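Below: the structure, in structure tokens.
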Amino acid sequence: MGTLLTDQDYKNFKQLLEYFVSYLEFLEATKGSSDKNKKVKDLANNVQYNVEDPRKRRLDYFVDRYGEKQLPRSGQGYKGGSIQDGIKDCCDYNANKICLSANNRNKVATYFSKPSYLHWFGTTLNIDIETSGKDKDKTITKLKITLNKKDIGEEKSLEELGLFDGKDPNPILKAFFDKYYSILDKYYSTLKNMLETEIKDLLKANHNIILTGAPGTGKTYLSKRIAKDIAGDESRIGFVQFHPSYDYTDFVEGLRPVKTTDEEKNGGTIVFERKDGVFKKFCKEALSAAPDDKYVFIIDEINRGELSKVFGELFFSIDPGYRGEDGRVETQYQNLVEKGDEFAEGFYVPKNVYIIGTMNDIDRSVESMDFAMRRRFAFKEITPESRVDMWYDKRDELGKKAIQLGELSLCMERLNEAIDKVPGLGSAYHIPVGGINLVHT
């Protein structure tokens, strides 16, 4: 973490905090102005502070620095626009963008309430304020870090942080920023872990799950990572990608041409033999393993195959309620299964086999799938927003200038909002994390 932060990052952070404090106090002191286009200096003329009031120094700082600009009275920084302009030179960091939100409820309540804060873009990791005094004498005294609206016990006074002292960032401010930055690192790790944990819990409870969503959201990559975590060994992971010509003989079993080696018949002839398909072979391996060894079979692009033809009578045996011998079925080629075969008495899916499917909504919607199939799988939508950790993981590899998570996230959000408004399109056509990454790099 430390190698990512530079002296300039700390200077930018200090400038950001100074703007945040002085801006909120200025809004509070000038609230009620009916002229939204009035210049900062004109608004400040109506503010009367005692010469020893620390707010006067901060007001003077703000007016001197931003006095020729019009002032947005409220807004959410993550949406961009004028409220973010004041901090545009100091809000971008290698990890993410810091945004400023300033609001008062009904234009009557104080700007010092919860709607005003700094936050890492796309997270619930904020810097909130603490105040002292009442009514017109209320002033900002401390800044604190909160996560999910909960105080984490990290707070510092403005004096401790050295704000408005005209000096370089002091050790306390640096430590404050280090803490804020380190929590962000854990936040994205937690975000990734939360998604994976949810999927793993669904898979363990249902034995079957389909990850659905727009192309490029990392569903296949996520499936492989989850499969490895559950199976513990890549040898216990199976993989196949469905396509329109994929059928039952590929997946379960069927008659396959085999060349004999009978030299008396002109070098051999072609005969047909029953051969296990990829899934049946996988189930035999799982059946021969220890009961506690978990096996995970991944079906990529599951909706690109004709599922009723690929699975056949396996619709019954893959049902979570009929795993094991309770789900034994006779396959189409059961009369050709040799004696001594593990499934000579009928095929079933062992209880230690789990299935993960992936599908792109843009190819075929969930609703178009056979209901018998849909009810046997849990479904989890993977959205572009849920995979921003993919960008975060690459921040060191791509470098600070190549990747600004806040800008990329905002770009993705705006593009997807525009796509939603186009007739005939929708969430299935959203620009994924991978798509923005390619455009940006």
Side-chain angles (χ1 to χ4, degrees), residues 196 198-213 218-243 245-254 275-329 331 341-343 346-360 366 369-370 372-380 382:
E196 292 185 10
E198 182 183 0
I199 294 172
K200 284 187 283 188
D201 288 345
L202 283 170
L203 181 59
K204 290 175 181 178
N206 296 277
H207 272 78
N208 309 317
I209 191 171
I210 290 179
L211 307 183
T212 179
K219 298 183 292 296
T220 304
Y221 173 77
L222 193 58
S223 298
K224 290 181 177 180
R225 195 162 63 190
I226 289 171
K228 187 175 181 179
D229 191 49
I230 289 178
D233 191 321
E234 291 188 359
S235 65
R236 297 200 288 268
I237 299 173
F239 182 90
V240 69
Q241 187 178 75
F242 279 4
H243 50 78
S245 62
Y246 203 85
D247 63 13
Y248 181 89
T249 61
D250 300 306
F251 192 64
V252 186
E253 64 183 354
K275 294 290 185 181
D276 290 335
V278 62
F279 184 64
K280 194 170 186 180
K281 288 180 182 177
F282 184 79
C283 288
K284 283 184 177 180
E285 292 177 10
L287 192 62
S288 63
D292 292 336
D293 288 344
K294 295 180 173 60
Y295 281 67
V296 182
F297 194 83
I298 300 172
I299 306 174
D300 198 34
E301 307 281 5
I302 190 171
N303 58 321
R304 294 188 66 223
E306 189 64 45
L307 298 184
S308 59
K309 292 182 179 179
V310 175
F311 280 87
E313 62 280 334
L314 263 62
F315 273 171
F316 177 76
S317 57
I318 66 169
D319 191 299
Y322 292 99
R323 283 293 163 87
E325 296 190 40
D326 289 343
R328 191 188 297 273
V329 294
T331 63
D341 187 279
E342 291 91 336
F343 297 120
F347 177 72
Y348 60 91
V349 180
K351 293 181 179 181
N352 61 337
V353 170
Y354 298 81
I355 301 173
I356 303 177
T358 73
M359 63 174 285
N360 294 329
V366 175
M369 294 179 65
D370 188 298
M373 174 61 73
R374 276 190 283 151
R375 78 176 186 82
R376 285 168 167 79
F377 282 82
F379 284 82
K380 174 60 183 176
I382 309 300

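Quick caveat, the model's predicted, so the values are computed rather than measured.
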Shortest non-hydrogen separation from Asn303 to Thr358 and the atoms involved:
OD1-O, 4.2 Å
Please confirm whether Lys224 makes a cation-pi placement over Phe239, using NZ or CZ under 6.0 Å from the six-membered ring centre and within 45° of the ring normal.
yes
Can you name the nearest heavy-atom pair linking Val296 to Ala227, along with the distance?
CG1-CB, 3.6 Å
Of Ile210, Asn206, Ile299, which meets side-chain contact (heavy atoms from CB on, under 4.5 Å) against Ile355?
Ile299
Rounded to the nearest 0.5 Å, how far apart are CG of Asp250 and CZ of Phe242?
9.0 Å
Can you tell me how the ring of Tyr354 sits relative to the ring of His207, calling it parallel under 30°, perpendicular over 60° and tilted otherwise?
parallel
One thing to verify: whether Lys219 and Asp300 come together as a salt bridge, which I'm taking to mean a side-chain N less than 4.0 angstrom from a carboxylate O.
no
Would you say Asn352's side chain and Asp293's backbone share a donor-acceptor pair under 3.5 angstrom?
yes
Distance-minimising heavy-atom pair for Leu202 and Lys380
CD1-CB, 4.3 Å
Would you say the side-chain atoms of Tyr248 and Glu313 include a donor-acceptor pair closer than 3.5 Å?
yes
So, taking the atom named CD in Glu301 and the one named OG1 in Thr220, what distance separates them when rounded to the nearest 0.5 Å?
6.5 Å
Check Ser317 against Arg323 and note the closest heavy-atom contact, atom names and distance.
O-NE, 3.8 Å
How about Lys351: does its NZ atom have over 12 heavy atoms from other parts shown lying under 6.0 Å from it?
no
Heavy-atom closest contact (Asp326 atom, Phe316 atom, distance)
O-CE2, 4.0 Å
Looking at Phe343 and Cys283, what are the two nearest heavy atoms and their distance?
CZ-CB, 4.2 Å
Rounded to the nearest 0.5 angstrom, the CD1-CD1 distance for Ile302 and Ile356 is 11.0 Å
Is the shortest heavy-atom distance from the side chain of Phe279 to the side chain of Val240 under 4.5 Å?
no
Return yes if some donor-acceptor pair links the side-chain N/O of Asp247 with the main-chain N/O of Val310 below 3.5 Å, else return no.
no
Over 60° means perpendicular and under 30° means parallel, so classify the ring planes of Phe311 and Phe315, tilted if in between.
parallel
